[in-house]
Peer 1: 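The structure that follows is given in the form of structure tokens.
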Amino acid sequence: MSGLTAVLASVRNRWQSISTKSVTVAKVVLENVSKIFPGGVKALDNVSLEIQDKEFLVLVGPSGCGKTTALRMIAGLEEITSGNIYIDGRRVNDVPPKDRDIAMVFQNYALYPHMTAYKNMAFGLMLRKYPKVDIDARVREAAQVLGITDEQLRRKPKELSGGQRQRIAVGRAIVRKPKAFLFDEPLSNLDAKMRVQMRAEINKLHQQLHSTMIYVTHDQVEAMTMGDRIVVMKDGVVQQVDDPILLYNQPHNLFVAGFIGSPPMNFIMGSIEQRQNALWFVEKVADGNKNVALAILIDGPQAGRVGGRIGKPVVFGLRPEDVNDRRQVANPNPGHCVSATVEVVEPMGAETYLSLKTGSHAFMARVTGHERIRVNQRLDMVFDMTKCHFFDVQTEKAIT
Ligand code: ATP
């Protein structure tokens, strides 16, 4: 695969000169789009999105949240129950897929098994009756961009590896020079190493082609590393649209906070209490015969957020990397410290994941990997309260 990367790098310049001349761009707009399947499943619920020219937008969410349905509706492969879709300012609700000037790359590659890789890439252009010489030029250009060799072009899909098949599928989309590319989990059949490499290659391809790309995945790491903006979906409803860093740092609700980030954000249910003019997040839980309490001082801007919630229940959220080993924190505020027992140690190399328990509360920490930490060891941990989140128990919305 390092060969692939090298080939791609060397031919990318060549493609740039081709692509800037001939690839058009498109804005894609979804306006109050809903989809109800026969039988009553509501796959999309009033979704509105504006995907800008040349933007790389990622749709992410758990299985069944409606990502693929949204993509298929943009491609014209699925009817719209209500709402409108516009491509380049033109309403396309009733425009057949072949006239939308959009190319889709599927998870299973959807290559024709009886055709060579070359013919798979050429076939769409043949159907559109392009001159043979143009087809040949486009296929060879795309093959160069993607590091597909002449020898591979002569093979049938079953004679190619997963990564090679995926490149043929991407090549088939590129040769059409469409207004927009739609990707439906294109990397999920590849092994972990190949996924990381292809992820970077698709990113570079986007920079080179300057095309609108809409990319569906259930993998939040893929979403974070690829998207200019990310749309997080749940049950057919858009939860948040933001760039990756905003999504990570300012999740609008409990679902987004828990979905984005690995290991996921720690959540603890409790309430806000006032003690001696200071605000505390407190959780009281019966643990066997005794009541244990976790109490964390809330200060700084966070106190302003929850000042109006004294006595009320809230969900407290803190990412594992914001839970630190006290030995690595200079002058921690004792109000932010929690004494805990180490239950699981997962060394990752550069850092170590710790599963910790205090009373009946479990939480995770990501600490630097150089420290030797053992199971059952007692550790003092410091919660970085400048990074904490609070969520309303009923609405699950972030308290801002
Ligand atoms: P995955 O990641 O598993 O592919 P997804 O987010 O892409 O999931 P969709 O495939 O868009 O989800 O499906 C959304 C919902 O619509 C699901 O509940 C699914 O079962 C339902 N659904 C999808 N296609 C059909 C269909 N043809 N008929 C009925 N229900 C369908």
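Order of appearance sets the numbers: ligands from 1, and atoms from 1 within every ligand. Note that this is a predicted model, so its numbers are computed, not measured.
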Peer 1: With a 4.0 Å cut-off, would you call R327 and D325 a salt bridge?
Peer 2: yes

Peer 1: Heavy atoms, side chains only, cut-off 4.5 Å: are N93 and I85 in contact?
Peer 2: yes

Peer 1: Would you confirm whether Q240, through its side chain, and Q250, through its main-chain N or O, come within 3.5 Å as a donor-acceptor pair?
Peer 2: yes

Peer 1: Among pairs that include at least one residue of residues 105-131, which meet salt bridge (Lys or Arg N to Asp or Glu O under 4.0 Å), considering only residues two or more places apart or in two chains?
Peer 2: none

Peer 1: Any protein N or O within less than 3.5 Å of an N or O in ligand 1? List each pair with its distance, or say none.
Peer 2:
residue  : atom   : partner : partner atom : Å
ligand 1 : 2 (O)  : K67     : NZ           : 2.8
ligand 1 : 3 (O)  : S63     : OG           : 2.5
ligand 1 : 6 (O)  : G64     : N            : 3.4
ligand 1 : 6 (O)  : C65     : N            : 3.0
ligand 1 : 6 (O)  : G66     : N            : 3.0
ligand 1 : 6 (O)  : K67     : N            : 3.1
ligand 1 : 6 (O)  : K67     : NZ           : 3.0
ligand 1 : 7 (O)  : T68     : N            : 2.9
ligand 1 : 7 (O)  : T68     : OG1          : 2.7
ligand 1 : 8 (O)  : G64     : N            : 2.7
ligand 1 : 11 (O) : T69     : N            : 2.9
ligand 1 : 11 (O) : T69     : OG1          : 2.5
ligand 1 : 12 (O) : G66     : N            : 3.3

Peer 1: Between K54 and D228, is the closest basic N to carboxylate O distance under 4.0 Å?
Peer 2: no

Peer 1: Got a salt bridge between E55 and R229, using NZ or NE/NH1/NH2 to carboxylate O under 4.0 Å?
Peer 2: yes

